[in-house]
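Beneath this line is the structure, given in structure tokens, with notes to follow.
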2 protein chains.
Amino acid sequence: MKIPLYRQIQANLKEKITSGVYEEGGLLPSENELCVEFNATRMTVRQALNELVREGYITRQHGKGSTVSASRKSLGLLSLKGWTEVVVASDRHGKTLVLEGPVLKKLEDAALKPLIDDEKHEEFIFFKRLRLVEDSPVMFEQTYIPNENLPNFIEEPLLEGSLFRTLLIRYQIDVQSMTQEVRAIAADKETANLLKIKQKSPVLHLLRKYKTSVDDFFLYSSIYCNTEKFAISSFN
Amino acid sequence: MKIPLYRQIQANLKEKITSGVYEEGGLLPSENELCVEFNATRMTVRQALNELVREGYITRQHGKGSTVSASRKSLGLLSLKGWTEVVVASDRHGKTLVLEGPVLKKLEDAALKPLIDDEKHEEFIFFKRLRLVEDSPVMFEQTYIPNENLPNFIEEPLLEGSLFRTLLIRYQIDVQSMTQEVRAIAADKETANLLKIKQKSPVLHLLRKYKTSVDDFFLYSSIYCNTEKFAISSFN
DNA sequence: ATTATTCTGTTGTCTATACAAGTTGTATAA
DNA sequence: TTATACAACTTGTATAGACAACAGAATAAT
């Protein structure tokens with residue numbers, strides 16, 4: 001398994017940022033210094049740095065350098081990262097309860113239907129999960145995965161509890177990008193109970209469609225978020 | 001004012017995509033063909049294409065090509081783009097009512113205070129705006145801009161009604177990136193009246209901090225969205 | 001002392017090239 | 001007919017170098 005050089009540089013710098021080697025608000029070494037350190041050309045180093053900008057770890061300024069961003073206090077859940085990665089990065093203690101699934105099911109969630117262009121899918125692998133941050137329920141997520149390309153998926157447990165990692169390692173399916181719609185709605189009874197809030201409290205509703213490395217193979221999620229304690233953050 | 005070649009290519013392709021020259025789901029010309037067309041190297045063309053990926057116009061697949069994405073139906077307001085650009089891109093008819101301002105004011109919105117690290121700012125230029133899509137009120141936005149670097153801002157009207165364009169053209173201040181927090185809350189009286197919904201209806205609340213090309217000069221916005229008719233969408 | 005100017009180091013843009021690796025269609029062999 | 005191999009395309013990664021544009025500090029001119 002060959003990892004591209006720029007990915008290695010990216011991971012190395014990310015590690016140094018999160019561990020505090022490069023401190024918040026400080027400057028990263030210049031591109032030329034990084035070239036020497038990693039024995040790469042400037043274009044390669046720049047590719048790594050641009051990825052870090054996209055992920056919100058650094059900002060760059062013409063003629064000056066790359067500045068380490070202040071770490072975010074809220075959860076960066078509007079980004080592509082999976083739950084596991086986000087919670088770990090935020091230095092918080094996260095937990096996931098699987099309420100139901102994996103199980104075969106037809107698509108019931110009416111809200112998700114408009115996202116699915118193909119009506120060919122009959123059965124989906126279904127998950128119902130509740131996600132806690134520091135023991136408070138924060139997200140209630142229902143995931144639908146078309147039941148194709150995934151032999152024995154239901155039989156075996158998730159790798160490290162992470163859906164994305166399981167797809168990547170066991171099936172070589174890489175989740176590459178996502179589109180989502182965001183709404184504010186009133187919590188229904190089930191959602192309110194699970195998130196431990198009053199019925200009809202405002203909750204964030206995210207409808208997601210994940211694109212993967214397999215053509216025409218998408219994942220779908222409907223997510224309800226309690227934003228009272230933790231806001232959802234995003235970058236650009 | 002010299003525009004980089006890759007920006008020109010990016011704009012040219014975007015135009016061809018939105019106008020339908022390259023149709024949805026179809027393939028763009030290959031990188032090498034674009035090199036010939038624009039008389040540029042592959043690296044330059046790739047930079048343009050990567051920007052288009054980031055903006056959600058195309059997706060790319062190794063060994064295959066660049067595919068034109070299906071155009072989005074909801075408003076891409078989680079991205080950096082200003083209101084004007086977003087509404088135009090969505091083929092909808094947008095309008096902005098300035099309810100108050102520009103006027104000098106101290107920061108009143110308690111929710112925005114945590115975003116502002118510097119307490120040095122005494123006075124802000126303040127806007128209160130209501131944004132309509134196809135004559136329905138969709139967003140209620142309150143903007144605070146530190147009253148520095150902007151001589152005569154209050155006296156003169158906005159260029160083409162766009163705040164971002166005014167900052168860029170008149171003051172050479174470029175809005176480069178943004179961080180935001182997203183919550184679902186119950187609408188207060190003023191917000192409900194303006195958005196023509198019931199009090200305590202769920203609305204999306206966005207707290208934004210815009211970074212600009214001027215060091216330590218940020219813009220701040222508190223935005224309430226009615227998501228009943230139009231969802232807010234984003235990419236990754 | 002204040003204001004220009006120059007210098008140095010930084011990131012931004014761009015060229016030219018090379019090979020790796022994924023995708024698809026075609027020709028060949030079984 | 002069905003595999004298999006191959007060729008021709010695509011995008012992905014990486015090198016090496018050049019000049020432009022910007023920021024900040026040092027220097028020179030006023």
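Quick caveat: nothing in here was measured; it's all calculated off a predicted structure. Every chain is numbered from 1, with letters handed out A, B, ... down the list of sequences.
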Going by the angle between their ring planes, with limits at 30° and 60°, are B:Tyr144 and B:Phe124 parallel, tilted or perpendicular? perpendicular
For A:Gln10 and D:dA14, what is the distance between atoms CD and C1' respectively, to the nearest whole Å? 16 Å
Side chain of B:Pro4 - closest among D:dA16, C:dT15, C:dT13: C:dT13
Within the structure shown, what part of the strands sits under 4.0 Å from B:Asn39 by heavy-atom distance: base, sugar-phosphate, or nothing? sugar-phosphate
Using a cut-off of 6.0 Å, state whether more than 12 heavy atoms not belonging to A:Glu155 lie near its atom CD. yes
Does A:Thr44 have a side-chain nitrogen or oxygen under 4.0 Å from the phosphate oxygens OP1 or OP2 of D:dT13? no
Between C:dA20 (C1') and A:Leu5 (CG): distance, integer Å: 14 Å
Return no unless some side-chain N or O of A:Arg46 is found under 4.0 Å from OP1 or OP2 of C:dT11. no
Atom OH of A:Tyr6 and atom C1' of C:dA20 are separated, to the nearest Å, by 14 Å
Return the minimal non-hydrogen interatomic distance between A:Leu112 and A:Ser221, and the atom names on each side. CD2-O, 3.7 Å
In whole angstrom, give the distance that lies between atom CE of B:Met43 and atom P of D:dA18. 17 Å
Rounded off to whole Å, could you give me the CZ-to-P distance for the A:Phe38 and D:dA16 pair? 17 Å
What is the distance, rounded to the nearest whole Å, between atom CD of B:Gln8 and atom C1' of C:dG12? 15 Å
Is there side-chain contact between A:Leu207 and A:Tyr220, with at least one heavy-atom pair below 4.5 Å? no
Roughly how many Å is it from CZ in A:Arg60 to C1' in D:dC22, rounded to a whole number? 14 Å
Separation of C:dG22 P from B:Leu27 CG (nearest whole Å): 19 Å
Expected rows: protein N/O vs nucleotides 4-10 of chain C N/O, under 3.5 Å:
residue, atom, partner, partner atom, Å
C:dG9, N2, A:Gly63, O, 3.1

Any non-hydrogen side-chain atom of A:Glu141 less than 4.5 Å from a side-chain atom of A:Arg208? no
Has B:Arg42 got a side-chain N or O lying under 4.0 Å from the OP1 or OP2 atom of D:dT11? no
Hey, is the side chain of B:Arg7 pairing donor to acceptor with the base of C:dG12 inside 3.5 Å? no
Looking at A:Gly25, is its backbone amide N or carbonyl O close enough to the side chain of A:Thr67 to form a donor-acceptor pair, meaning the two atoms are under 3.5 Å apart? no
Contact between A:Leu163 and A:Leu167 at the side-chain level, heavy atoms closer than 4.5 Å - yes or no? yes
